[in-house]
There are 2 protein chains.
Amino acid sequence: MAVTIDDVARTAGVSTATVSRALRGLPHVHERTRAVVHRTASDLGYVPSKSAATLATGRTRTVGVLTPHVAKWWFAQAIEALEDELRASGYDLLLLAVPRAAAGRRPAFDPEQLRQRVDAVAVLSVPLTGGELDGLRRLHLPLAFLGASVSGAMSVRVDDVGVGRTATEHLLALGHIRIGHIGGDPEEAWNVHAFVDRRAGWMSALRAAGLSPDHDLDVSGALTVAGGRAAMSGLLALEQPPTAVFVASDEMAFGALTAVRDAGLRTPQDVSVVGVDDHELAELFGLTTVRQSVEEQGRAAARMLLSTLAGTPAHSNEHLLLPTTLLQRVTTGPGARAVLPDR
Amino acid sequence: MAVTIDDVARTAGVSTATVSRALRGLPHVHERTRAVVHRTASDLGYVPSKSAATLATGRTRTVGVLTPHVAKWWFAQAIEALEDELRASGYDLLLLAVPRAAAGRRPAFDPEQLRQRVDAVAVLSVPLTGGELDGLRRLHLPLAFLGASVSGAMSVRVDDVGVGRTATEHLLALGHIRIGHIGGDPEEAWNVHAFVDRRAGWMSALRAAGLSPDHDLDVSGALTVAGGRAAMSGLLALEQPPTAVFVASDEMAFGALTAVRDAGLRTPQDVSVVGVDDHELAELFGLTTVRQSVEEQGRAAARMLLSTLAGTPAHSNEHLLLPTTLLQRVTTGPGARAVLPDR
DNA sequence: CTGTTAGCGCGTTCAG
DNA sequence: CTGAACGCGCTAACAG
């Protein structure tokens, strides 16, 4: 059916070994022969069989990408960047969505299924159980984590504690005292690390300013617009609502802004809101946020994996921390209540 | 290195053929033998080599997904649905982003590279050149288009002409006469079909109402928030601005709403806006929109492909049209200017 | 119901 | 610089 390397060899009048060498750019092939082989290969429309090559070499030229979501902003961005970088180096991207939680607890993911299917694995903020992580390690494949770091594997992420601290310090600098926090619901089993860290940053900044975090102002919600909205509603309903809130993701922050509007209040006069991500719609909302470049994280992770695959073992245990930037827009300000002494 | 089928055969005391049959659930295997094989396979941690199976059968159990974008809402939704449905049937998803336009014209995509790598292809609103389409057809693989339909291949989409008509009729029913249209820039090379159709629906509805579409009110922009914002700004700057606008995607509609706000106007009092998609943030904006379920389209396409692969040739040339629904929220209404006779 | 055997298409020694 | 021959791990006849 399909044209094989033998067909090319035969019509080019050389052996299959020569075709293989010529086409893969290996040395020890006369330029004339190489040219002939290239020509007849393209004349015949020869496409090497990937599976045959894999079977022969053990290498798949495929990278597995493990993700809990594909349509969520952060993940989609990361996947796009990974795909672009991998394809540029001739690698295929095998997309593997880790099954959703059926009833709270998702079926254990079996890393063994990746054996002999990929040369490396990128893990996108998937909260793996210890067993799953061990299984992944047992594969002895280059492993890169995005948005989390795990000992003994490469990782690319931002300093999430720093993110929380930056956002909170911004609010403190504006004169706010009652600063709330809306984090990701720990029940939702993804990206936990990031949200735990961001919360820690919030607390740390408050403490450094001599304030003690108020339990009532520390809430969490689903990592969605609706979750942020509900959480903010709760905060605003408090007897002493916060004058500023650090929301641990832009999507939740959008919801929080809606809750502010619903309550008949305004930002930043009545309450300041700062998010994290710089989601593409953040500018639309005028949302002040701590920007992270997911695209760069994705590309960096891909390059780490690729260079490890290329035999540069330098990265094999590297933990890369990418910078973040506070983007001040219009949802944060001194605020009327913050300026007036309220004691 | 890895444990092979021979290892299993040997330690189970049977032949490789029996192991193969037993593990794949083929008939003509004694239940006792099957049980033994299963046990020793799992004891040994046997994982079949996919490439060996592919080489032997010619089938890859992989479906290629061709997409121009992965992080855009519509595409991410579709990919997620496809992945879920494919994985449920044991198929891998090979993600292939068609390279972006370098300078307007992207490098031709070569479908031959898919040969021997996938069993079927899903094409997500990629505007293919005739040559590319022919190349894809020459693969003789099951082909499913999402968001567009092409003769001689399966497709799943919504009735985009109907979408444009529905949105426009809604506006007409509210009493609007000067109804604008913001479409996708034809220069942007994706999803063109859908945007052409939606525009046609707009025109058709106007004509059916005895109105003739006003050229000044028919604009287009980049398929982004910024694009919609710019386009709407232009419309509002007109001497006789529209009192209602049909925006061909929610993302653009978000931008349009911003432009309305920027101009010191309000929806729906000053201008009504209706979008398309029901983007996850549409509710937040109170945006009236024509909803389409991308997830269902993705699942349907996957199932068509899968059943064709399973040998049910019923679908081989099926064109599925999924329903859409007008979701009336708060960005559309009679509007002050529409109600007052303006002659 | 089970075993034997011959490929699938390529990479890779090892000779020349 | 080039060719011959083997093996990667599995499936699919064909025998039995």
Side-chain angles (χ1 to χ4, degrees), chain A residues 1-38 40-41 44-62 90 92 112-119, chain B residues 1-38 40-41 44-62 90 92 112-119 309 311:
Chain A
M1 185 68 213
V3 24
T4 76
I5 199 174
D6 291 282
D7 300 326
V8 178
R10 206 172 309 121
T11 95
V14 297
S15 73
T16 63
T18 299
V19 174
S20 178
R21 283 188 285 249
L23 257 27
R24 286 183 303 148
L26 295 186
H28 309 307
V29 178
H30 195 89
E31 278 315 314
R32 204 194 318 276
T33 349
R34 194 188 296 276
V36 172
V37 169
H38 267 108
T40 80
L44 267 45
Y46 169 63
V47 178
S49 157
K50 189 164 181 147
S51 37
T54 296
L55 190 55
T57 62
R59 266 165 279 115
T60 64
R61 290 197 74 82
T62 298
D92 281 344
E112 286 300 322
Q113 72 183 57
L114 287 177
R115 180 148 268 160
Q116 296 172 323
R117 305 229 271 175
V118 299
D119 292 344
Chain B
M1 181 73 212
V3 23
T4 75
I5 197 174
D6 291 284
D7 300 326
V8 179
R10 205 173 309 120
T11 95
V14 295
S15 73
T16 63
T18 298
V19 174
S20 180
R21 284 189 286 250
L23 258 26
R24 287 184 300 152
L26 296 187
H28 310 306
V29 178
H30 194 94
E31 278 316 312
R32 201 190 327 271
T33 349
R34 192 187 298 276
V36 172
V37 170
H38 267 109
T40 80
L44 266 46
Y46 168 64
V47 178
S49 157
K50 187 161 181 150
S51 36
T54 295
L55 190 55
T57 62
R59 266 165 278 117
T60 63
R61 290 198 74 83
T62 298
D92 282 344
E112 286 301 321
Q113 73 183 57
L114 287 177
R115 179 149 271 159
Q116 298 173 321
R117 305 230 272 178
V118 300
D119 292 344
L309 289 172

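Side chains are part of it too, since the values below use all heavy atoms of this structure and drop only hydrogens, waters and symmetry mates. Just so it is clear: chains get the letters A, B, ... in the order the sequence lines come, proteins before strands, and each one is counted from 1.
Distance CZ/B:Arg21 to CG/B:Leu26: 8.0 Å, rounded to 0.5 Å. Summarising the geometry, atom OG1 belonging to B:Thr57 is positioned 8.0 Å from atom CG belonging to B:Asp119; distances are rounded to the nearest 0.5 Å. The structure places CG of A:Leu55 at 5.5 Å from OG of B:Ser49, a figure rounded to the nearest 0.5 Å.
Among the nucleotides D:dG7, D:dC10, C:dT5, the one closest to the side chain of B:Thr16 is C:dT5. Among the nucleotides C:dG11, D:dC10, D:dG3, the one closest to the side chain of A:Ile5 is C:dG11. Among D:dA4, C:dG9, C:dT4, the nucleotide with an atom closest to any side-chain atom of B:Ser15 is C:dT4. Among the nucleotides D:dG9, C:dG3, C:dT2, the one closest to the side chain of B:His30 is C:dT2.
Whole-Å rounding puts the B:Leu26 CG to D:dA13 P distance at 12 Å. Between A:Leu23 atom CG and C:dG9 atom C1' there is a gap of 14 Å when expressed in whole angstrom units. The distance from atom NE2 of A:His28 to atom P of C:dT12 is 13 Å, rounded to the nearest whole Å. As a whole-Å value, the separation of A:Asp6 CG from C:dG7 P is 13 Å. Atom CG of B:Leu55 is separated from atom P of D:dC10 by 12 Å (rounded to the nearest Å). The NZ atom of A:Lys50 sits 12 Å away from the P atom of C:dG11 (whole-angstrom rounding). Note: CG (B:Asp7) to C1' (D:dC8) measures 13 Å, nearest angstrom.
Heavy-atom nearest nucleotides on DNA chain D were determined for A:Gln116 and for A:Gly13, and the one closer to the 5' end corresponds to A:Gly13. Each of B:Thr57 and B:Val14 has a nearest nucleotide on DNA chain C; the 5'-most of these lies closest to B:Val14. Mapping B:Ala56 and A:Ala17 onto DNA chain D via the closest heavy atom, the residue that lands nearer the 5' end is A:Ala17.
At a cut-off of 3.5 angstrom, the base of C:dG11 holds no donor-acceptor pair with the side chain of A:Arg59.
A donor atom on one side chain and an acceptor atom on the other are found under 3.5 Å apart for A:Thr18 and A:Ser15. Between the side chains of A:Thr16 and A:Asp6, no donor N or O sits under 3.5 Å from an acceptor N or O.
Contacts of B:Ala53 with the nucleic acid, taken as non-hydrogen atoms under 4.0 Å apart, involve only primed sugar atoms and P, OP1 or OP2. In this structure, A:Arg21 reaches the bases: a heavy-atom distance under 4.0 Å links it to at least one base atom across the strands shown. If you check every strand for non-hydrogen atoms under 4.0 Å, A:Thr33 touches sugar and phosphate atoms only.
Look at B:Ser20 and you won't find any side-chain N or O under 4.0 angstrom from OP1 or OP2 of D:dC10. Distances shown here put every side-chain N or O of A:Arg10 at or beyond 4.0 Å from the OP1 or OP2 atom of D:dG3. Contact between the side-chain N/O atoms of B:Arg34 and the OP1/OP2 oxygens of C:dT2 is not found at any separation under 4.0 Å. The phosphate of C:dT2 (OP1 or OP2) has no side-chain N or O of B:Thr18 nearer than 4.0 angstrom.
Applying salt bridge (Lys or Arg N to Asp or Glu O under 4.0 Å) to B:Asp92 and the options B:Arg117, B:Lys50, B:Arg59 leaves one that passes, B:Lys50.
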